[in-house]
S.K.: 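The structure is given below, and queries will be raised subsequently.
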Amino acid sequence: MPINENDLELFLESTSILNSSSQNSIDKTTSNAELSNIEHSTLLIPQPPLLKTGTTLSELKTQEGNDYCNHDSINETEEGGKTDSIKQQEKNDDAFEKMHSNNNNRSCNKNNSYFNPMLQSPTRMPQRYNNYDEYMENKIFQQNKNDQKLIAEYEKQFNKTYPQIFKNTNIYINGYTNPTRLQLHKLIVLHGGKFSHYLTSKRNVTHIIATNLTSKKKIEFRKYRVVQPEWIMQSIEANKLLKWQDYALLLNDTNINNTTDIKTLVTKDSTKKPHLDCNHPDFLASFFKNSRLHHLTTWKLELQNKHMKSNPVGAHHNRIKKIIYYIDFDCFFATVSGLKHNENSSLPIAVSHGQGNSDIASCNYAARSFGIKNGMWVSRAKQLCSTLKILPYEFDSYRKISETFYELLYDKFDTVIPLSVDEGVFIDYPEDIDYKGISEKCMDIRNLLSTKTKCTVSIGVSNTLVLSTLCLKSAKPNGFKIFLPHNTEKEAVAKFVGSFQLTDLPNIGHKTADKINELYSPSSIITLADLQSNLSSLSSFNKLNKLGGKLSRKIILYLKGEDDIDNISKINTPFNYFRKKSLSVDINWGIRFQTIEQVYNFIDRVVARLASQLKSINMASSQYTIKLARCKANSPIEPPKYLGMGLCDITSKTGRFPAHTNENYIMSPEIKQSFRKLYIQAPISSLRGISITLSNLKTNNDRDIGSMLDRKTNNTLDNFPRLHPPLPHDVPLTMSNTENADQMVTVTPLLPSNDNNNNNNNNNNNRRSIEKRKSRSPAREFFNNYHKKKNQERAKHHFSTEIDENALKELPLEMQKEIQREYAVINLVNSTKRSALEAPKIIPKKKLESICCFNPPIPFQKLLNPKEITARLDTWILQNIERGPRTDDALLLVQYLRRLVKFNKKSMLLYIVDHLEEQIDYYRSYYRSASDDPQTSSNHHQMPDGILQWEKLLVLKILPLRESKNRA
DNA sequence: AATGTGTGGTAGC
DNA sequence: ATCGCTACCACACATT
């Protein structure tokens, strides 16, 4: 079988997308014509071959021996006839080339060490990156570092310094050049220039070197200094920086800035940060930093944790009254921002980020008099009031004033319940009602807050929460209202309530209001009095029930000024009422993805955030929901709001983790699996929002609370398997190397070491719920096997790694399979001497017709059954996870997958690619979470080089195949 | 009947 | 430009 050299370059791959040396190898590639599409769909540009064209697999093996990266011998065969000086020069070139193609130190393991030892990085930095962007940043950093090393090396070798001709330039080379990109690169760097491998941010690049440009590029580069390579050469010759204009490639363009000042190309102020792309690692942080709604929700939690108190002194005693103060700042954001900017509060003011389709977070009463409302877009508000002043958010001030607010009032009440940054419920339990005292208290509070915060608050006082809410409504702005009816004054209460609007009632928003109006149409219900009168007849009373039993009962109570059970428990047992039940992150702004990998990275980041939040509150979750927003089919591609979500279809999916967990590496793959199920064949670009919710929360230390919250799973992750320690790097494990079955491999058992854990009492319950779930990820696999084993252990009182054939036959077929699989895992784990190839053949072959419809099935290592294939791949991955895949193994796999593409074996391809993705993803998440954890990141939990290699294989070679399938 | 899933509504500025 | 969050409940419907 001929080797496609491009593939051999996979792990020696160039990071330079545009590499002049790629020209050399393109025509040498073998004639996999049908794969040319795939080839072009990847970013990978082939490098010059390391092996002679047409090398067979067997030759490859002998050539490589046990160490497939023995490049020295390869070099010798290729360079045998050359003179020493040329050889030396080329070796330098090679080292240089490799340094840049291989510039992640973390991937500089033995596989790739191709360095002049002098140039090799002395330390292997413990690197980790969370996503592609970080990876790129690091890559660029390394590239610059390598440039520095090169300079040092050359200066040492030739014992001279080079004139810094290109100081303060930043040069990018586009396309094929003569001299080559590599040579130019070296020259530029040696002469003090900066070399950019990428053109991602054109702002930093001062010159672009090119001899040819496509017409598209001509337009793209029209405002930049595009110079021919002679400029470099002749500048060096002249020993000074020549005028670039004399070598400009693009002539007669008036847009070119003709000044000699190099810096002027840097058009934008680099201190002014542009908005971060959603693929940027810091996107989440930057978004949340500016999101008012995010602040509102997080503040609420913080404030409740900090300032809530509940002392219902004798509240159950009949004679003790309850005085509920509902206190709220008047148009909080607008007031505070107005103060900060010294605005006249009698003029219309609104707080918002932008000028057009930006939400108004808050507007003052002057603005409201024009009909402007919170949540309205600025453009609309400006139509209503052209003099409206837009102020920026002052989040720090909001938070500060809120702090003052609660600190000042904390000691003045028996019960304090923060409901928002500027709004809380404060309760007294006096024996007698002292009207005068209450109104004095209100005035005192308003004065106090006015002097301390310069803001006005409004207060509603009553004896039920509903009535307090309504009182507050009527007290606004800048006032207070006390309404303390006797029990007998039912008519007065009804009259008071009746004077309010429908949406003034808690839990009735615009949707419910619309619905109520629809129910009673054609008579329109505007005020609560309208509703009260409509409820007098039974038929119209029944209409309300269509809202749902709970809500209608609530409304009926509210109309009488009484609290429902919800409000009562909120007031009486706030700590219970506000206890944490779920944790989520929602992003519905700025979501624009091109590739699925970007989405996966994004999910990774979101889950990492959730995991750390969970850990910080010492909780674990066993259930998740992922919710997606995709733009509606007929809606415009870009909604009116910049980077907004527009009109969307919302779908969600819930799933369960194998057990309660707060581990990133457990959660992330599971959630991504649900994402895949949810996101069927739609273009990634249509994604507009992602939300991930973790629920079924349980406090880690407290089993009682845990079981109270969640009766469904009481598994623990205490015994969750840690991956085996890194394999010795000189032991090759290979898929292709069938013969070498006797190589030694040490594998630490995946099974829990201590079997005397305390989980037994819940086992039956657990087992049922666990086994119901699908088993695909290693985590699931582990728990399935683990619980099964626990069960058997109890029955047998000992552990056997031999299958009892007779006992097995008694069991139903499905069970037999399960047990066989389980024993296979045990055997695999216990064995110290096993080749990856000897994956146990334990799963009975399935009928392949269901998967391969018309064409004959395509074997992989003589296997046909998809499960067998994935099982073998799993073993392969597991055993090589920390050292990365061998190139020839990877090649075998890719070739197999390409055959699937070629013969249109869609489901098989999808099955295997998805599976691989899931597996690699799992390990990646594992190592990432381990390396994120400072306590465990010390030694063997660093992100191993192998993971990166696996990822490269996956992202660059395997996933594109799935995409090519989709395009077909 | 009990339990689970997906959807939709509300609240704060 | 622009930062359209998030916790929670209730319901309809599906599953067992």
Side-chain angles (χ1 to χ4, degrees), chain A residues 274-276 278 283-301 303-304 328-337 350-363 373-375 377-379 392-393 395 398 402 418-424 469 503 505-515 547-552 554 566 570 577-591 623 625-627 629 638-646 648-656 678 688-689 691-695 697 711-712 769 772:
Chain A
H275 179 265
L276 296 178
C278 62
F283 167 77
L284 268 187
S286 94
F287 171 62
F288 284 149
K289 201 177 137 218
N290 294 303
S291 163
R292 72 188 198 280
L293 294 173
H294 172 78
H295 278 115
L296 284 177
T297 41
T298 48
W299 284 337
K300 178 179 178 177
L301 288 179
L303 293 166
Q304 284 185 350
D328 180 290
F329 281 73
D330 299 321
C331 48
F332 185 52
F333 283 15
T335 309
V336 176
S337 283
V351 174
S352 176
H353 278 301
Q355 291 294 319
N357 301 327
S358 174
D359 278 17
I360 288 176
S362 174
C363 58
K373 296 203 167 97
N374 290 357
W377 281 357
V378 172
S379 51
Y393 291 90
F395 290 116
Y398 306 151
S402 172
L419 292 180
S420 179
V421 64
D422 73 317
E423 171 183 339
T469 316
T503 48
L505 276 191
N507 299 303
I508 296 188
H510 64 285
K511 295 264 188 186
T512 312
D514 287 352
K515 217 182 260 174
L547 293 174
K550 209 75 171 229
L551 185 56
S552 59
K554 202 179 261 230
D566 231 41
K570 195 185 290 187
Y577 185 87
F578 290 108
R579 76 187 186 278
K580 198 131 186 72
K581 297 171 204 81
S582 74
L583 179 67
S584 66
V585 165
D586 295 45
I587 308 99
N588 292 301
W589 185 87
I591 298 296
Q623 186 174 34
T625 301
I626 177 164
K627 190 169 82 178
E638 277 306 321
K641 188 200 274 293
Y642 174 68
L643 290 179
M645 70 192 298
C648 282
D649 292 319
I650 310 249
T651 48
S652 68
K653 198 146 204 71
T654 64
R656 281 165 188 276
L678 211 48
R688 289 284 177 275
S691 152
I692 296 172
T693 304
L694 302 179
S695 47
L697 299 185
R711 281 175 227 93
K712 302 195 175 70
S769 65
K772 262 197 321 204

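All chains are named by letter (A, B, ...) in the order of the sequence lines, taking the proteins before the strands, and each is independently numbered beginning at 1. Quantities reported herein were computed from a predicted structural model and do not represent experimental measurements.
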S.K.: Begin with the C-alpha distance, continue with both residues' side-chain angles, and end with the deciding distance and a verdict on side-chain contact (heavy atoms from CB on, under 4.5 Å) for A:L301 and A:K580.
M.R.: CA-CA 9 Å; A:L301 288 179; A:K580 198 131 186 72; 3.7 Å; yes
S.K.: Within the structure shown, what part of the strands sits under 4.0 Å from A:Q304 by heavy-atom distance: base, sugar-phosphate, or nothing?
M.R.: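 No contact at all - A:Q304 keeps every heavy atom at 4.0 Å or more from the nucleic acid.
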S.K.: Among B:dG4, C:dT2, C:dC5, which is the nearest nucleotide to the side chain of A:R656?
M.R.: B:dG4
S.K.: Looking at C:dC5, I'd like to know if its phosphate oxygens (OP1 or OP2) sit under 4.0 Å from a side-chain N or O belonging to A:N588.
M.R.: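 Affirmative; the distance criterion is met.
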S.K.: Distance check, P atoms only: B:dA11 and C:dT2, in whole angstrom units.
M.R.: 26 Å
S.K.: Look at all strands and tell whether A:T297 reaches a base, only sugar-phosphate, or nothing, counting heavy atoms closer than 4.0 Å.
M.R.: base
S.K.: Is A:T654 close enough to B:dG6 that one of its side-chain N or O atoms is under 4.0 Å from OP1 or OP2 there?
M.R.: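 For A:T654, the contact criterion (side-chain N or O under 4.0 Å from OP1 or OP2 of B:dG6) is met.
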S.K.: Anything under 30° is parallel, anything over 60° is perpendicular, the rest tilted; go ahead and classify A:F333 against A:F395.
M.R.: perpendicular
S.K.: Look through every strand shown and name the nucleotide pairing with C:dT15 as Watson-Crick or G-U wobble, where both distances are under 3.5 Å.
M.R.: B:dA2
S.K.: Among the nucleotides C:dG4, B:dG6, C:dA7, which one has an atom lying closest to any side-chain atom of A:S652?
M.R.: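 Looking only at side-chain atoms, A:S652 lies closest to B:dG6.
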S.K.: With heavy atoms under 4.0 Å as the rule, sort A:T651 into base, sugar-phosphate or nothing.
M.R.: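 Result for A:T651 = sugar-phosphate.
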S.K.: So which nucleotide from C:dA1, B:dG6, C:dT6 ends up closest to the side chain of A:Y642?
M.R.: C:dA1
S.K.: What nucleic acid atoms does A:S291 come within less than 4.0 Å of, heavy atoms only: base, sugar-phosphate, or nothing?
M.R.: sugar-phosphate
S.K.: Would you mind classifying the nucleic acid contact of A:V585 as base, sugar-phosphate or nothing, using non-hydrogen atoms under 4.0 angstrom?
M.R.: sugar-phosphate
S.K.: For A:I360, report the nucleic acid contact type (base, sugar-phosphate, nothing); a contact means any heavy atom under 4.0 Å.
M.R.: nothing
S.K.: Please walk me through it: do A:L547 and A:K515 pass side-chain contact (heavy atoms from CB on, under 4.5 Å)?
M.R.: CA-CA 8 Å; A:L547 293 174; A:K515 217 182 260 174; 3.7 Å; yes
S.K.: Taking 4.0 Å as the cut-off, does a side-chain nitrogen or oxygen of A:R579 come that near to OP1 or OP2 on C:dC8?
M.R.: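 No, outside the criterion.
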S.K.: Ignoring the backbone of A:W589, work out which of B:dC13, C:dA7, C:dC5 is nearest its side chain.
M.R.: C:dC5
S.K.: Touch check for A:H353, heavy atoms < 4.0 angstrom, all strands: base, sugar-phosphate only, or nothing?
M.R.: base
S.K.: Quick one: sort the A:Y642 and A:W589 rings into parallel, tilted or perpendicular, breaks at 30° and 60°.
M.R.: perpendicular
S.K.: Mind checking the C1' distance from B:dG9 to C:dG4? Whole angstroms is fine.
M.R.: 16 Å
S.K.: Hey, is the side chain of A:S582 poking within less than 4.0 Å of OP1 or OP2 on C:dT6, counting only N and O atoms?
M.R.: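 The answer is no; no side-chain N or O of A:S582 sits under 4.0 Å from OP1 or OP2.
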S.K.: Given side chains that start at C-beta, do those of A:V421 and A:F329 come closer than 4.5 Å, heavy atoms only?
M.R.: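 The answer is no, as the side chains (C-beta and beyond) never meet within the 4.5 Å cut-off.
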S.K.: Rounded to whole angstroms, how far apart are CZ on A:R688 and C1' on C:dG4?
M.R.: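 About 13 Å, once rounded to whole Å.
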S.K.: Taking any heavy-atom pair under 4.0 Å as a contact, classify A:F332: base, sugar-phosphate, or nothing.
M.R.: sugar-phosphate
S.K.: From the options C:dT2, C:dC5, B:dC13, select the nucleotide whose nearest atom is closest to the side chain of A:K641.
M.R.: C:dT2
S.K.: Distance check: side-chain N/O of A:K581 vs OP1/OP2 of C:dA7, anything under 4.0 Å?
M.R.: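 Negative; the distance criterion is not met.
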S.K.: Taking only the side-chain nitrogens and oxygens of A:Q623, find out if one of them lies under 4.0 Å from OP1 or OP2 of B:dT5.
M.R.: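 Answer yes for this pair, as a side-chain N or O of A:Q623 is under 4.0 Å from OP1 or OP2.
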S.K.: Between A:T693 and A:G646, which residue's closest nucleotide on DNA chain C lies nearer the 5′ terminus?
M.R.: A:G646
S.K.: Rounded to whole angstroms, how far apart are NZ on A:K653 and C1' on B:dT7?
M.R.: 13 Å
S.K.: Indicate yes or no: at least one non-hydrogen side-chain atom of A:W377 is less than 4.5 angstrom from one of A:I360.
M.R.: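 Not in contact.
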S.K.: Between A:S652 and A:T625, do the side chains contain a donor N or O and an acceptor N or O under 3.5 Å apart?
M.R.: no
S.K.: Between A:L551 and A:F283, name the one whose nearest nucleotide on DNA chain C is closer to the 5' end.
M.R.: A:F283
S.K.: Give A:K300 one of three labels, base, sugar-phosphate or nothing, depending on what nucleic acid heavy atoms sit under 4.0 Å from its own.
M.R.: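 No contact.
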S.K.: Between C:dC5, C:dA7, B:dC13, which nucleotide gets closest to the side-chain atoms of A:D586?
M.R.: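 My answer, after comparing the listed nucleotides, is C:dC5.
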S.K.: With sugar-phosphate meaning primed atoms plus P, OP1 and OP2, does A:D566 contact a base, only sugar-phosphate, or nothing at under 4.0 Å between heavy atoms?
M.R.: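 Nothing, no heavy atom under 4.0 Å.
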S.K.: Quick one: A:L301 CG to C:dC5 C1', roughly how many Å, whole number?
M.R.: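 Checked: the CG to C1' distance equals 11 Å.
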S.K.: Checking base pairs now: Watson-Crick or wobble, both atom distances under 3.5 Å. What partners C:dC9?
M.R.: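 Its partner is B:dG8 (Watson-Crick or G-U wobble, both distances under 3.5 Å).
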S.K.: Counting side-chain heavy atoms from CB outward, which of B:dG9, B:dG12, B:dT7 is closest to A:T512?
M.R.: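 From the listed options, B:dG9 comes nearest.
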S.K.: Distance alone, cut at 3.5 Å: any donor-acceptor contact between the side chains of A:Y577 and A:D566?
M.R.: yes
S.K.: Atom CG of A:D359 and atom P of C:dT2: how far apart are they, to the nearest Å?
M.R.: 9 Å
S.K.: For A:H294 and C:dA7, what is the distance between atoms NE2 and C1' respectively, to the nearest whole Å?
M.R.: 14 Å
S.K.: Given atom CG of A:L296 and atom C1' of C:dA7, what is their separation to the nearest angstrom?
M.R.: 13 Å
S.K.: Are side-chain heavy atoms of A:D359 and A:R292 found at a separation under 4.5 Å?
M.R.: yes
S.K.: A:K570 NZ to B:dA11 C1': how many Å, rounded?
M.R.: 9 Å
S.K.: When all nucleic acid strands are considered with a 4.0 Å heavy-atom cut-off, which category describes A:T298: base, sugar-phosphate, or nothing?
M.R.: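 Contact class for A:T298: none.
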S.K.: How is A:L419 classified with respect to the nucleic acid when contacts are heavy atoms under 4.0 Å: base, sugar-phosphate, or nothing?
M.R.: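 Touches nothing.
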S.K.: In whole angstrom, what separates A:L293's CG from C:dC3's P?
M.R.: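 Rounding to the nearest Å, CG of A:L293 and P of C:dC3 are 9 Å apart.
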S.K.: Side chain of A:K511, heavy atoms from C-beta onward: which of C:dG4, C:dA1, B:dT10 has the nearest atom to it?
M.R.: B:dT10
S.K.: Heavy atoms under 4.0 Å, any strand shown: does A:G375 hit a base, just sugar-phosphate, or nothing?
M.R.: nothing
S.K.: Using a heavy-atom cut-off of under 4.0 Å over every strand shown, decide if A:F288 touches base, sugar-phosphate, or nothing.
M.R.: sugar-phosphate
